[in-house]
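Naming: A, B, ... by sequence-line order, numbering from 1 per chain. Bear in mind that the values here come from a model prediction, so they are computed numbers and not experimental data.
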There are 2 protein chains.
Amino acid sequence: MTEKVQVDENGKLKCSIEYTLNKVGGKWKLVILWHVMVDGTKRYNEMRRLLPGITHKMLSQQLKELEQDGLIIRTQYNEMPPKVEYSISEKGLTLKHVLEAMHAWGTEQGG
Amino acid sequence: MTEKVQVDENGKLKCSIEYTLNKVGGKWKLVILWHVMVDGTKRYNEMRRLLPGITHKMLSQQLKELEQDGLIIRTQYNEMPPKVEYSISEKGLTLKHVLEAMHAWGTEQGG
DNA sequence: CTGGATCCCGAGGGATACTG
DNA sequence: CAGTATCCCTCGGGATCCAG
């Protein structure tokens with residue numbers, strides 16, 4: 001089978017896998033998306049507990065990027081103390097197959 | 001080869017997504033696997049051409065890790081000049097759903 | 001042709017303190 | 001509670017040369 005090859009503005013070959021990795025690659029984003037998709041809405045500190053080892057800096061950075069890409073929804077309640085909730089968006093749900101496939105593979109291969 | 005894995009208090013992997021990312025995360029591995037799965041067997045320099053921007057160091061490193069994890073097969077022909085071919089393994093084929101899902105998402109979202 | 005070995009730099013990310 | 005700001009440093013990865 002021959003796949004459709006995409007070319008960027010520099011004339012370099014680009015494939016859809018690379019596009020996906022650019023959006024949700026890295027160490028944290030897919031894990032974050034998996035949790036908010038499966039477990040539902042989560043608050044900031046709940047996310048921290050779900051991601052052992054992540055720092056403030058990385059968590060807020062990743063969450064911000066995911067929100068700017070429209071993959072998660074950030075809801076802020078103007079209360080004291082502050083309360084912010086993160087949930088999966090419609091667009092984020094389009095990653096369902098990717099996440100399920102990766103989860104299935106990890107479960108099978110990793111035991 | 002595989003970096004530090006996060007485990008919970010029972011010594012089990014935190015989540016399967018993380019296991020998968022530990023095996024095939026990073027910038028190159030899934031793209032490499034995609035190419036050898038879809039396009040078939042590839043030689044070293046063919047791989048370089050398929051991955052604009054990758055360096056010798058990174059390509060040989062990633063190929064070695066993928067081979068050690070049993071996801072690709074390295075076949076060396078004792079000729080002059082040297083000839084080495086990389087192909088997808090049975091185990092590598094188990095990532096088919098992951099790769100297809102990511103390719104589909106990138107195609108839809110990226111245009 | 002297919003890599004390995006080395007040197008080296010800078011950005012990515014950790015730790016911590018601070019703020020609304 | 002939910003982040004920001006800052007400092008600091010490691011180490012991922014680029015460039016280059018070497019080897020079978």
Exercise. Would you say A:Lys64 reaches D:dT4's phosphate, i.e. side-chain N/O to OP1/OP2 under 4.0 Å?
Worked result: yes

Exercise. Choosing from D:dG3, C:dC1, D:dA2, which nucleotide comes nearest the side chain of A:Ser60?
Worked result: D:dG3

Problem set entry | Nearest atoms (heavy-atom pairs only) where B:Ile88 meets B:Leu71 | CD1-O, 3.8 Å

Exercise. Nearest-Å distance, NZ (A:Lys29) to P (C:dG12)?
Worked result: 12 Å

Exercise. Checking A:Thr20 side chain against B:Gly106 main chain: does a donor-acceptor pair fall under 3.5 Å?
Worked result: yes

Exercise. Short question: side chain of A:Thr41, backbone of A:Glu85 - any donor-acceptor pair under 3.5 Å?
Worked result: no

For this session: Starting from P on D:dA2, measure out to CD on A:Glu67 and report it in whole angstrom.
Result: 15 Å

For this session: Give a yes/no answer on whether the side chain of B:Tyr86 brings an N or O atom under 4.0 Å of OP1 or OP2 in C:dG3.
Result: yes

Exercise. Are B:Arg48 and C:dG3 close enough that a side-chain N or O sits under 4.0 Å from OP1 or OP2?
Worked result: no

For this session: Grab the CG-C1' distance between B:Leu59 and D:dA15 for me, whole Å please.
Result: 16 Å

Seminar exercise, completed: Separation of D:dG14 atom C1' from B:Leu51 atom CG, nearest Å, is 16 Å

Exercise. Nearest-Å distance, CD1 (B:Ile54) to P (D:dA15)?
Worked result: 13 Å

Exercise. Nearest to the side chain of B:Lys57, which nucleotide is it out of D:dA15, D:dC7, D:dA2?
Worked result: D:dA15

Exercise. Mapping A:Gln61 and B:Met58 onto DNA chain D by nearest heavy atom, which one lands closer to the 5' end?
Worked result: A:Gln61

Exercise. Can you check whether A:Thr55 has a side-chain N or O nearer than 4.0 Å to OP1 or OP2 of C:dA15?
Worked result: no

Exercise. For A:Arg43 and D:dA2, is the shortest distance between a side-chain N/O and OP1 or OP2 below 4.0 Å?
Worked result: yes

For this session: Report the distance from atom CZ of A:Arg74 to atom P of D:dC1, rounded to the nearest whole Å.
Result: 16 Å

Exercise. Any donor-acceptor pair under 3.5 Å linking the side chain of B:Thr94 with the backbone of B:Glu90?
Worked result: no

For this session: Determine the contact category for B:Pro82: base if any of its heavy atoms lies under 4.0 Å from a base atom, sugar-phosphate if only primed atoms, P, OP1 or OP2 are that close, otherwise nothing.
Result: base

Exercise. In terms of ring plane angle, is the pair A:His56 and A:Tyr44 parallel, tilted or perpendicular, where the classes change at 30° and 60°?
Worked result: parallel

Problem set entry | A:Tyr44 side chain, from C-beta outward: closest of C:dC7, C:dT2, D:dA2 | D:dA2

Problem set entry | Distance, rounded to the nearest Å, where B:Glu79 contributes CD and C:dT2 contributes C1' | 13 Å

For this session: Round to the nearest Å and state the distance from B:Tyr77 atom OH to C:dT2 atom P.
Result: 12 Å

